[in-house]
Amino acid sequence: MDIQRYYHDHTQIFRQIDTLRELSRAGVRENAVRISEIITGTASHIKLHLAAEDRVLYPALARSGDAQVAAMSARYRGEMQGIASAFAAFVAQWRVPSRLVADPDGFRRDANTVLRALFDRLQRESVELYPAAEAV
């Protein structure tokens with residue numbers, strides 16, 4: 001299975017997370033508009049990425065004939081629902097520049113939690129799920 005698109009998506013999402021970290025360190029208030037733009041762009045990218053996984057990757061792995069890979073795929077799919085919900089709430093809260101300006105510490109706290117969970121998940125996919133997908 002060719003999954004280079006998924007790896008490429010991860011690279012782009014990692015870059016967006018890094019940009020959010022840099023802008024946050026440089027000042028949430030001073031960079032509120034740009035942070036808002038990056039959050040919105042990241043959300044769009046993640047939405048497309050998740051849709052591709054749901055429509056193509058997970059069903060293909062479920063039909064792979066490899067019980068371990070199918071079970072891993074089901075586990076990953078289920079886990080992502082919670083992460084996706086947390087990320088959606090993060091986006092809803094922090095996509096508005098005035099909210100970033102009003103509560104930079106709240107943004108940093110939420111970003112550290114939600115973006116860390118997202119980053120960790122993408123890392124696990126890259127080292128466990130995608131190599132398994134390539135092997136079937």
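In this structure, Pro131 and Glu125 approach most closely via the heavy-atom pair CD-O, 3.8 Å. For the residue pair Ala84 and Leu50, the shortest heavy atom distance occurs at CB-CD1, 4.0 Å. Here the shortest heavy-atom pairing between Ile46 and Ile13 reads CG1-CD1, 3.7 Å.
Proximity of Arg99 to Phe107: side-chain heavy atoms (C-beta onward) are nowhere separated by under 4.5 Å. Using a 4.5 Å cut-off on side-chain heavy atoms (C-beta onward), Tyr76 and Glu128 make contact.
Not counting sequence neighbours, the partners of Asp120 by the side-chain hydrogen bond (donor to acceptor under 3.5 Å, both in side chains) test are Arg116. Taking Ile83 as the reference, Met80, Leu118, Arg121 meet the side chain to side chain contact (heavy atoms under 4.5 Å, CB included) condition, with sequence neighbours excluded. By the side-chain hydrogen bond (donor to acceptor under 3.5 Å, both in side chains) test, Asp110 pairs with Trp94, sequence neighbours left out. Shown here are the side-chain hydrogen bond (donor to acceptor under 3.5 Å, both in side chains) partners of Ser126, two or more places apart in sequence or in another chain: His10. By the salt bridge (charged side-chain N to carboxylate O under 4.0 Å, His left out) test, Asp2 is found to be paired with no residue, residues two or more places apart in sequence or in another chain being considered.
Applying the salt bridge (charged side-chain N to carboxylate O under 4.0 Å, His left out) definition to pairs two or more places apart or across chains, those involving residues 46-59 are Asp54-Arg77.
Here the straight-line distance linking atom CD of Glu37 with atom OG1 of Thr19 works out to 12.0 Å at 0.5 Å rounding.
Cation-pi contact between Arg21 and Phe119: present, with separation from the ring centre below 6.0 Å and deviation from the ring axis of at most 45°.
Salt-bridge check for Arg15 with Glu22: failed, with every basic side-chain N at 4.0 Å or more from each acidic carboxylate O.
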